[in-house]
Amino acid sequence: MSEVAVASPSVIDLEKQYLFQNYARFPLILTRGKGCYVYDSSGKRYLDLIAGIGVNALGHAHPRMMKVIRAQAARMIHCSNLYYNEYQGPLAERIAKVSGLDRVFFCNSGTEANEAALKIVRAHGRKISPDKFETVALNGSFHGRTFGALSITGQENYRRDFEPMLPGARFVNRNDIGALEQTVTDNTAGIVLEIVQGEGGVHPLTEEFIGKARELANRHNALLVCDEIQCGVGRPGTYFSYQMLDHPMLPDVITAAKPLAAGLPLGFVAATERAASVIAPGQHGTTFGGGPLACHAALEFFDILDELLPNIIHVGGYFRMRLMELARHFSFIKEVRGVGMMIGVELEFAGKQVVLDCMEKGLLINCTHNTVLRALPPYILSEQDVDRAITVLKGVFKKTKAPA
Ligand SMILES: *Cc1c(COP(=O)(O)O)cnc(C)c1O
């Protein structure tokens with residue numbers, strides 16, 4: 001341990017000197033993890049409720065994942081898309097079966113998946129009319145950091161310094177059906193939704209709004225795209241968030257990434273036959289995407305996910321119930337929101353200090369949109385883990401004074 005402790009400050013110094021200063025990191029060097037827990041360089045243990053921002057959905061060092069990754073790394077990590085590998089086809093079949101969509105393209109991240117989706121939207125529109133290139137997205141959305149994904153991200157602060165964006169992005173407020181009806185026209189090529197907004201503060205869309213988006217997309221021959229990168233891939237307790245609705249509907253295109261390969265970079269866009277057909281040979285591609293290591297890991301991930309769906313619903317529900325109990329004691333808790341293992345607690349004030357106090361007490365949780373404490377726990381979370389988290393939160397809240 002002492003060796004690590006001596007090395008620790010220099011890691012931070014090196015980053016200060018040599019890294020782009022684009023991250024505001026917490027002063028914590030994480031060195032290993034096991035299940036829902038991670039350890040820092042001094043050996044201190046934390047219950048990890050943010051789990052790599054929703055990536056480590058099976059927790060850390062899951063024995064079945066380790067076995068597959070070790071064996072596959074020894075056989076083949078990468079072979080390019082010049083050739084077939086053993087796992088892209090079977091994984092695409094698996095995704096088609098669980099999503100209800102027809103075809104899949106693999107990439108390496110959420111942003112890349114959204115870029116591919118935007119190209120599908122553009123190519124779809126262009127086939128109909130040169131004026132049909134608009135994309136309708138939501139205020140408060142987050143779709144990624146590249147120019148395309150950023151252009152449809154409805155948060156000024158991410159975009160401001162990089163203007164001008166892609167032309168044709170229009171924004172409406174979430175759940176504002178009137179605005180949606182006014183904004184979607186025959187020039188709309190795509191409507192892009194997160195069914196539960198993640199970075200925007202864990203805000204589920206209403207059934208009415210989602211239904212209206214589907215109806216308007218049909219009426220104006222636009223593609224409905226669901227960004228499932230944070231709110232999907234098991235997190236709601238269904239494979240994808242459009243499947244948890246009382247009135248389930250099928251999007252034309254979905255994008256996914258974060259938990260897909262349990263920590264390895266992998267993303268995909270899946271689409272109906274009609275939407276996928278607008279991309280012809282040579283029109284899109286990637287060097288890394290869909291490699292054998294990531295795809296084999298994702299197949300194992302889906303096998304494990306099948307078994308975990310009931311736990312996500314049960315323990316996620318238990319967590320929200322316990323948080324609502326806390327909300328009755330602490331009036332500065334404005335609302336508890338979420339689905340499955342995606343939970344937001346809206347405070348009356350900025351949540352940063354609560355996050356730091358929880359860290360001190362061995363609990364990693366995150367704050368998004370300034371005032372929303374967010375948990376994206378591993379799907380293996382247990383009721384005992386929830387009880388531990390609630391004990392820490394209660395202790396922290398007791399000492400927290402709502403600023404006057
Ligand atoms: C994280 C996220 C993205 C971007 O994914 P990256 O893998 O960081 O590129 C896009 N959309 C949503 C909803 C996300 O939560």
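All ligand and atom numbering here is 1-based and tracks the order in the structure. The shown structure was predicted, so the numbers you read here are calculated from the model rather than taken from an experiment. One is the number of the first residue; the rest follow in order along the sequence.
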Below 4.0 angstrom, N of the basic side chain to O of the carboxylate: do Glu325 and Arg328 qualify?
no
Which residue and atom name correspond to the protein heavy atom nearest atom 11 (N) of ligand 1, and how close is it?
Asp227 OD2, 2.8 Å
Tell me whether Asp176 is salt-bridged to Lys212, with the criterion being a basic N under 4.0 Å from an acidic carboxylate O.
no
If you count every heavy atom of other residues, nucleotides or ligands that lies below 6.0 Å from Lys44 atom NZ, does the total exceed 12?
yes
So is there a nitrogen or oxygen of Phe142 less than 3.5 Å from a nitrogen or oxygen in ligand 1?
yes
Which ligand 1 atoms does Lys258 reach within 4.0 Å, using its non-hydrogen atoms?
1 (C), 2 (C), 3 (C), 14 (C), 15 (O)
Is ligand 1 under 4.0 Å from a heavy atom in the side chain of Thr255, in the backbone, in both, or in neither?
neither
For the 3.5 Å polar cut-off, considering only N or O atoms, please tell me whether Ala257 and ligand 1 meet it.
no
Step by step, would you call Thr272 with Asp252 a side-chain hydrogen bond (donor to acceptor under 3.5 Å, both in side chains)?
CA-CA 5 Å; Thr272 59; Asp252 303 294; 4.6 Å; no
Give the numbers and elements of all ligand 1 atoms closer than 4.0 Å to a heavy atom of Gly110.
5 (O), 6 (P), 7 (O), 9 (O)
Pull out every atom of ligand 1 sitting under 4.0 Å from any heavy atom of Ser109, numbered as shown with elements.
7 (O), 9 (O)
Does ligand 1 have a heavy atom under 4.0 Å from the side chain of Arg145, from its backbone, from both, or from neither?
neither
Any idea which of Thr111, Leu376, Asn114, Val196 brings a heavy atom closest to atom 4 (C) of ligand 1?
Thr111
Atom pairs and distances, donor-acceptor, side-chain atoms in residues 360-369, under 3.5 Å, two or more places apart:
from	atom 1	to	atom 2	distance (Å)
Asn366	OD1	Arg374	NE	2.9
Asn366	OD1	Arg374	NH2	2.8
Thr368	OG1	Glu199	O	2.6

Check residues 349-357 and write down every donor-acceptor pair under 3.5 Å in which the side-chain atom is one partner and the other belongs to a residue at least two apart or another chain.
from	atom 1	to	atom 2	distance (Å)
Gln353	NE2	Asp357	OD1	3.0

Is there a salt bridge (charged side-chain N to carboxylate O under 4.0 Å, His left out) between Arg75 and Glu86 once you walk through the steps?
CA-CA 11 Å; Arg75 273 164 62 86; Glu86 294 172 89; 2.6 Å; yes
When you look for heavy atoms under 4.0 Å from ligand 1, do you find them on the side chain of Glu194, its backbone, both, or neither?
side chain
